[in-house]
Amino acid sequence: MSERYRKAERKGRRAEQYAALMLMLKGYGILERRWKTPVGEIDLIIRRGRTIAFVEVKARRDIATAIQAVTPTARARISAAADLWVSQANSKNYAYRFDLVTISGWRIRHLKNAWHNEMA
């Protein structure tokens, strides 16, 4: 494993920790962290009330770059993983959405409904 990969991995884990903390402070419960499936990974799965959100976390230089980093291919992978999670979870009667948390410097932003999927 290269040093560059290790640094990126540490940065990603730290960003996910910050995102989880911020979301908990906003009243969300963390259901899963780094939920891995054969079709993709979901950084965070959170719940507040009757809403479950599948969250992608991106740490980038600015918000525009973070948003662009969630490509259509990445959204499709996350959506497929979310479909699998929903099929396995006892989570009927919940609303679902896809959120994005961007981290640039000390600024953390939570973008609700960052994209849509037919499931949601």
TODO: Step by step, work out the side-chain contact (heavy atoms from CB on, under 4.5 Å) result for Q68 and R60.
DONE: CA-CA 10 Å; Q68 290 172 352; R60 296 291 190 273; over 6 Å; no
- [ ] Please assess L111 against I67 for the test side-chain contact (heavy atoms from CB on, under 4.5 Å), listing each intermediate value before the final yes or no.
- [x] CA-CA 10 Å; L111 305 170; I67 291 169; 3.9 Å; yes
TODO: Please lay out, stage by stage, how I108 and I103 fare under the test side-chain contact (heavy atoms from CB on, under 4.5 Å).
DONE: CA-CA 5 Å; I108 302 176; I103 300 175; 4.0 Å; yes
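When every heavy atom of A81 is checked against every heavy atom of E41, the shortest pair comes out as CB-N, 4.4 Å. The shortest non-hydrogen separation linking A82 to I42 is N-CD1, 3.6 Å.
A single hydrophobic cluster is not seen to contain both I30 and V86; linkage of ILVMFWY side chains at heavy-atom distances under 4.5 Å, directly or through other members, places them apart. Residue L84 is grouped with residue Y94 when hydrophobic side chains (ILVMFWY) are merged at heavy-atom distances under 4.5 angstrom, including chains of intermediate members.
The 12-atom threshold is exceeded at NZ of K26, counting heavy atoms of other residues, nucleotides or ligands nearer than 6.0 Å. More than 12 heavy-atom neighbours from other residues, nucleotides or ligands sit within 6.0 angstrom of CZ on R6. Dense packing is recorded around CZ of R50, with more than 12 heavy atoms of other residues, nucleotides or ligands lying under 6.0 Å away. Remark: R61 CZ is loosely packed, at most 12 non-hydrogen atoms of other residues, nucleotides or ligands lying under 6.0 Å away.
Remark: E32 CD to I45 CD1 distance equals 5.0 Å, nearest 0.5 Å. D43 CG to I78 CD1: the interatomic distance, rounded to the nearest 0.5 Å, is 7.0 Å. In this structure, Q88 CD and D83 CG are separated by 11.5 Å, a value rounded to the nearest 0.5 Å. Separating the CD1 atom in I46 from the CG atom in L23 is a distance of 4.5 Å, to the nearest 0.5 Å. In this structure, I63 CD1 and T102 OG1 are separated by 4.0 Å, a value rounded to the nearest 0.5 Å. Considering OG of S104 and CZ of R109, their distance stands at 7.0 Å, rounded to 0.5 Å.
The shortest distance between side-chain heavy atoms of E56 and V101 does not fall below 4.5 Å. At least one side-chain heavy atom of L44 sits under 4.5 Å from a side-chain heavy atom of V57. Between V39 and R77, the closest side-chain pair of non-hydrogen atoms is not below 4.5 Å.
No donor-acceptor distance shorter than 3.5 angstrom exists from the side chain of R10 to the backbone of G12, with no hydrogens or angles considered.
With respect to R33 and E16, no salt bridge is recorded, no charged nitrogen being found less than 4.0 Å from a carboxylate O. Ion pairing of R97 with D99 is present here, as a side-chain N (NZ or NE/NH1/NH2) and a carboxylate O approach within less than 4.0 Å.
The aromatic rings of W115 and F98 lie parallel to each other, their planes meeting at an angle below 30°, with 60° marking the opposite boundary. A perpendicular orientation is assigned to the rings of Y96 and W85, their planes being inclined by more than 60° (bins at 30° and 60°).
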